[in-house]
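Comments concern the structure below.
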Amino acid sequence: MAAEPTQPDTDRRAAEEQILRTDGLVKKFGQFVATDRVDLTVERGEFRSIIGPNGAGKTTLFNLVTGALPVTEGEIYFDGEEITGLSPSERVRRGMGRSFQISNVFGGLTVRENVRLAAQSIDRDEYNALEALFKPTDRYDGMNERTDAALERIGLADVAEEQADALAYGDKRRLEIGVVLATDPDLVLFDEPTAGMSAEETQETIDLIEEVLVDQTLLLIEHDIELVMELSDRITVLNRGEILAEGTPEEIAANEDVQDAYLGGMIE
Amino acid sequence: MNGTTDPLLSVDSVDAGYGETTVLQDLSLSIDEGEIVSLVGRNGAGKTTTLRTIMGILEPTSGRVVYRGDDVSGLDATRTAARGIALVPEERRIFPELTVRENLELADHGGAPEADSLSVAEALEMFENLRERAGNAGSSLSGGEQQMLAIARALVGGADLVLLDEPTEGLAPYIVQDVMDIVERLNDRGITVLLVEQNVHVCLELADRNYVINQGEIVYEGTSAELEANEEVLDRYLGVTA
Amino acid sequence: MTMVEGLLQALVDGLTIGIVYVLLAAGLSVIFGVMNVINFAHGELFALGAYFALALVGPFGGYGFFAALLVAPLLVGLIGVGIERYTVQPLYGRNPLYHILLTFGLVLVINDLIYLVWGPGNVSLAVPAVLSGTVTAFGLNASVYNLFIIAFGAAMALAVWALLEYTKYGLIVRAGSQDRQMVRNLGIDIDRYYSLVFGVGAALAAVAGIILGGYQTVSPEMGMSVIIPAFVIVVLGGLGSFKGAVVGGLAVGIIQTLLRTYAPILEGMVIFLLMIAVLLVRPHGLFGSEAPEGEGGGDLLTGSGGVLEAETRRRLGLAAVGLLALVPLGAGTLYSTYAVTLMVEILIWGLFALSLDFVMGYTGLVSLGHALFYALGAYAVAISLAHVGGSAFVAIGLAILLSAAIAWFVGYLSIRVSGVYFAMITLAFAELFYNLLFRLEITGGSEGLFGLSAYYGLAGVGISLEEIAIFVGPVALTGQSLFYYIALATLVGAFLLTRRMLESPFGAVLKSIRENEQRATFVGYETTVYKRRAFVISGALAGLAGGLFTLNAGYATPSFAYWLHSGEVIVMVILGGMGTLYGPIIGSGVFFGLEEVLTEFTERWRLVLGTVFVLFVIFLPQGLVSLPAQLEPYLGGSGPGPEPEPEPEPTPEDSSVRGDD
């Protein structure tokens with residue numbers, strides 16, 4: 001047995017840098033191929049965006065990664081471990097946070113209860129079954145401290161006792177992000193977080209994401225190319241289920257395939 | 001008639017929404033007979049809600065919808081459809097377990113009295129690829145074919161005004177072209193079209209006039225030439241760099 | 001008769017029954033497919049058909065049968081149209097659960113009317129001479145009537161199929177079962193067709209009732225006895241699928257008859273096993289479409305505890321418990337000792353209803369077979385007292401353990417399917433157990449177990465309640481009165497326990513599931529695990545309730561597991577107010593109170609009770625706990641109470657948002 005060549009070692013180091021990797025991911029709906037052999041690698045700490053025209057398969061890819069849809073072929077690795085067959089909730093517990101579009105919070109519960117549910121989700125192994133059944137939630141110090149911290153950070157501490165449904169538009173958005181934050185994610189996936197917002201609100205939301213989630217790896221799905229160009233470290237362009245191009249915003253802007261497929265026909 | 005004909009459809013200062021949430025705010029627009037008018041805006045801007053309000057699926061909380069001079073804001077979808085307004089929804093909503101022919105036959109029930117509606121046979125004549133698949137179940141159609149069927153269904157129903165919700169969404173570019181051709185053929189038959197799109201390009205090519213909607217309000221109105229030239233609107237509301 | 005001939009004979013008989021099931025299930029299935037209504041009253045319409053025929057055959061003699069076959073279904077069809085128009089229509093857009101309550105009420109009403117008009121007992125429906133006798137072919141004796149049923153039933157089924165497949169009416173109905181709102185968008189007033197669908201379904205049920213009446217006999221219970229198999233067939237075949245109803249109906253008819261001949265021990269059980277197996281493999285039945293359940297939506301109108309202020313609620317609760325504690329003191333002097341017996345029953349059923357509310361009101365799982373756990377608890381106590389020893393504590397402990405274990409098992413198998421299918425699978429488990437009770441020796445067969453007594457203690461050391469007397473002033477509390485306090489304490493304990501659980505992290509997850517299950521998943525919760533745990537807790541409490549009953553009454557009978565019991569407890573929960581824990585207890589009180597008061601005035605109390613349910617579900621869908629808020633505007637009360645409108649949110653079909661999304 002000769003000494004190991006250095007190749008696997010660099011591979012391992014590379015793997016440690018990778019937080020998310022998909023290998024030959026395929027999703028078919030009947031005959032229709034929505035995701036076609038997608039190999040995607042996201043590195044720790046980066047801000048990655050996935051863009052593509054309508055119907056390019058962005059949402060399907062998103063659903064495969066989060067576990068909302070089963071894959072047809074291929075594997076998904078998170079933090080070095082295969083997660084292809086895991087349930088969505090298990091992925092969340094391993095540090096994959098998912099943000100929804102607005103109003104997908106627990107509307108009938110208070111702001112605090114919303115955030116606490118998320119905080120509770122990650123440290124529930126720390127207490128025994130009897131405790132979990134009978135000890136009132138307001139007596140768990142650790143959980144409540146983290147809840148308060150998250151509320152502080154998203155600036156909703158003042159309205160913590162209000163029902164989530166009653167919040168103003170922007171505050172709901174904050175709560176949405178707060179719930180994700182409280183699950184202590186290593187990677188946060190966003191699905192068009194600024195859809196339907198004015199330019200001003202878009203900027204506020206982006207500021208909020210950058211402020212609150214600065215330490216996390218972010219994976220953003222967006223069809224607003226402007227926004228993406230401004231924010232991302234790297235961009236992946238999907239077209240008809242396939243990866244068309246990948247690179248820095250500058251590289252993507254200069255890529256002719258992208259011009260054709262995505263911006264094709266737009267005003268010159 | 002000297003230039004001041006009433007519009008076919010006018011939406012006057014409409015507020016509408018779901019539960020406590022108001023989506024449309026003081027929204028007004030009007031469409032003349034024979035026009036193709038687009039309503040363009042980003043995701044979530046209120047485009048689909050506008051169509052649902054016109055159709056009567058959603059009742060406006062204030063303001064009114066006037067069609068052929070009658071206030072139709074109190075009517076439900078069944079009644080607006082009977083007056084000649086057809087909605088081709090974003091998801092197409094083909095009946096998956098009915099055949100293509102049955103999907104068309106279902107729509108064939110009179111419709112608006114003055115409309116020169118298509119018979120099922122004529123519709124199958126007009127839409128070639130549907131003719132080949134007349135006996136197949138709706139669920140077996142491709143996205144493009146479903147879109148065609150949804151439009152054909154509106155024609156068979158005898159619509160005078162077709163509300164098209166994102167007809168090109170999720171379709172391959174060459175099929176987008178087919179859909180655009182069909183919309184123009186509709187218009188050639190004298191059918192008025194209100195086209196909702198995210199894709200500005202489709203709007204600019206098809207529409208006589210365009211309304212830009214943002215956050216439930218109309219923020220711009222203009223012909224395609226005017227909109228194309230207005231970099232600020234394109235950039236600010238539609239995310240298009242000139 | 002050779003083996004083969006015997007088999008053929010059984011096949012012909014099976015086909016005969018199968019055809020009846022097909023006619024019955026076809027209407028039920030299409031009604032569900034198009035309107036999302038789970039129609040428990042379908043069996044009563046079936047019985048009504050047979051009784052109308054009976055009334056028509058009388059004056060016209062033998063050939064009146066043919067006239068009856070035409071006229072009776074028409075009449076029943078008209079009744080169906082009336083039911084749809086005046087009772088079902090106000091409920092469209094609400095959760096299908098309300099249809100259960102409504103049609104359950106209708107079952108009571110129609111069934112009692114049948115008793116009122118025709119009286120109890122079996123009557124035979126005269127069949128004309130042409131149809132009697134037998135024909136022999138291939139060495140096989142077939143009765144003419146059998147052949148007539150098969151031919152006539154098949155012709156009817158074929159006609160319905162042709163109607164659905166080849167007419168515009170059928171096209172609209174089929175389209176409506178796929179996407180109601182789009183049918184409306186095409187300018188078709190689908191709501192007008194609902195009455196017709198309901199009417200045709202009712203008429204088909206009537207036809208089935210008449211031909212089965214001629215084959216067997218006509219009795220007031222005939223509706224109750226067919227409705228559950230009919231549901232099994234509908235679920236087996238796939239809700240809303242006509243083809244499924246035909247295949248399922250024939251299969252169940254044949255399998256049932258074959259088993260009666262060859263494996264009588266399994267008869268009555270195998271169809272439930274079959275349904276459970278099919279649902280586990282194909283959660284939408286054999287021919288059901290995988291499409292989402294459409295506009296089934298319509299939020300459950302749960303009280304979510306906010307109906308009364310917390311402090312008010314606490315004071316009212318304390319006052320109620322205080323008052324209840326006084327009840328036995330007046331027994332025998334202010335009122336008869338029967339009052340205590342009645343109150344014990346109310347408390348026990350209050351516990352039972354509370355157990356159901358814990359899963360139904362907080363996780364949205366509608367268990368239609370909760371009587372299973374009640375009966376399990378009751379039998380566990382009975383068997384323990386009879387065989388293990390007389391200790392009440394051991395017996396109750398066993399009851400809780402056994403019902404919790406079975407609840408885990410049932411939950412493990414059934415929580416993976418959702419909505420109506422979950423309701424049906426739990427119903428199947430309960431019916432399975434019900435049938436099993438008749439067959440097992442240890443459960444005493446159809447007689448059940450009785451004459452049991454218990455002592456309160458362990459290992460032979462303890463005392464029976466009869467031997468204790470506690471004097472409170474002039475009143476001696478003993479036996480039943482003492483048990484009353486045990487029941488009261490158990491109920492209060494269970495209430496406090498479940499309320500505490502809802503304030504714990506576990507309860508927080510349950511509430512989040514009720515609010516938004518998908519989001520709960522993406523916050524990191526395996527929601528099925530939480531639902532299953534809630535189901536186990538609920539099953540254990542239901543078992544405790546059943547155990548208490550047997551402990552006190554000293555008997556257990558198979559009827560404890562009957563589906564009517566499961567229906568009644570659902571009625572109590574909805575009646576009182578779901579998702580409140582205390583509402584269902586009130587519901588139990590009102591249910592038994594009404595029954596008690598009504599039986600005093602009229603033998604037809606079920607008629608009145610049923611009518612109350614029907615009116616209730618139409619006018620007070622949030623339960624009795626919402627009554628104060630509902631009355632407020634009329635009593636001139638001020639302050640911001642909940643709106644007088646019964647709908648808290650715009651459901652897909654109410655005035656502001658027409659149609660689904």
Side-chain angles (χ1 to χ4, degrees), chain B residues 16-21 48-49 51-53 55-61 74-99 101-112 115 117 137-139 150 153-154 156-159 163 165, chain C residues 30 33-34 92-93 164-194 238 240-244 284 287-292 294-295 297 299 643 645 647-661:
Chain B
Y18 306 89
E20 308 262 292
T21 328
T48 299
T49 306
L51 294 192
R52 288 168 66 93
T53 309
M55 195 63 205
I57 297 170
L58 204 63
E59 197 170 4
T61 45
L75 302 185
D76 63 16
T78 313
R79 290 183 184 79
T80 45
R83 285 176 181 236
I85 304 180
L87 173 66
V88 179
E90 190 178 354
E91 327 83 88
R92 286 104 198 206
R93 291 173 85 159
I94 298 305
F95 297 100
E97 287 164 41
L98 302 186
T99 63
R101 185 183 297 279
E102 284 175 332
N103 264 285
L104 293 172
E105 280 169 356
L106 187 69
D108 183 17
H109 59 93
S117 64
S139 58
R153 199 164 58 175
V156 170
L163 312 174
D165 197 353
Chain C
V30 174
V34 181
Y92 287 135
L164 281 173
E165 202 62 27
Y166 295 110
T167 67
K168 189 85 195 206
Y169 169 73
L171 184 60
I172 291 170
V173 169
R174 280 186 294 141
S177 70
Q178 295 168 41
D179 188 342
R180 257 162 286 187
Q181 182 57 38
M182 195 60 221
V183 174
R184 292 195 192 104
N185 289 352
L186 294 176
I188 299 165
D189 192 358
I190 183 111
D191 301 41
R192 267 193 319 130
Y193 290 81
Y194 289 173
S241 162
F242 180 77
K243 190 160 72 172
H284 293 273
F287 300 100
S289 60
E290 304 249 338
E295 60 194 285
D299 287 324
E643 303 230 318
E645 271 294 306
E647 322 265 336
E649 262 176 52
T651 52
E653 290 203 0
D654 73 20
S655 57
S656 62
V657 185
R658 301 195 209 93
D660 67 323
D661 214 350

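Just so it is clear: chains get the letters A, B, ... in the order the sequence lines come, proteins before strands, and each one is counted from 1.
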Next on the checklist: Among residues at least two apart in sequence or on other chains, which ones pass salt bridge (charged side-chain N to carboxylate O under 4.0 Å, His left out) with R174(C)?
Outcome noted: E102(B), E165(C)
Checklist entry - How many angstroms lie between CG in L171(C) and CZ in R101(B), if you round to the nearest 0.5 Å? => result 12.0 Å
Checklist entry - Within a reach of under 6.0 Å around NZ of K168(C), are more than 12 heavy atoms found that belong to other residues, nucleotides or ligands? => result yes
Item to check | Side chain, backbone, both or neither of P89(B) within contact of chain C (heavy atoms, under 4.5 Å) | outcome: side chain
Next on the checklist: As a quick check of understanding, evaluate side chain to side chain contact (heavy atoms under 4.5 Å, CB included) for R184(C) and D76(B), giving each step before the final call.
Outcome noted: CA-CA 9 Å; R184(C) 292 195 192 104; D76(B) 63 16; over 6 Å; no
Checklist entry - Which pair of heavy atoms, one from L186(C) and one from F95(B), lies closest together, and at what distance? => result CD1-CE1, 3.9 Å
Checklist outcome for this item: Tightest non-hydrogen contact, residues M182(C) and L87(B), listed as CE-O, 3.8 Å
Checklist entry - Closest heavy-atom contact between A175(C) and L106(B)? => result CB-CD2, 3.3 Å
Next on the checklist: Test your reading of the model: is there a side-chain donor-acceptor pair from E97(B) to the backbone of Q178(C), 3.5 Å cut-off?
Outcome noted: no
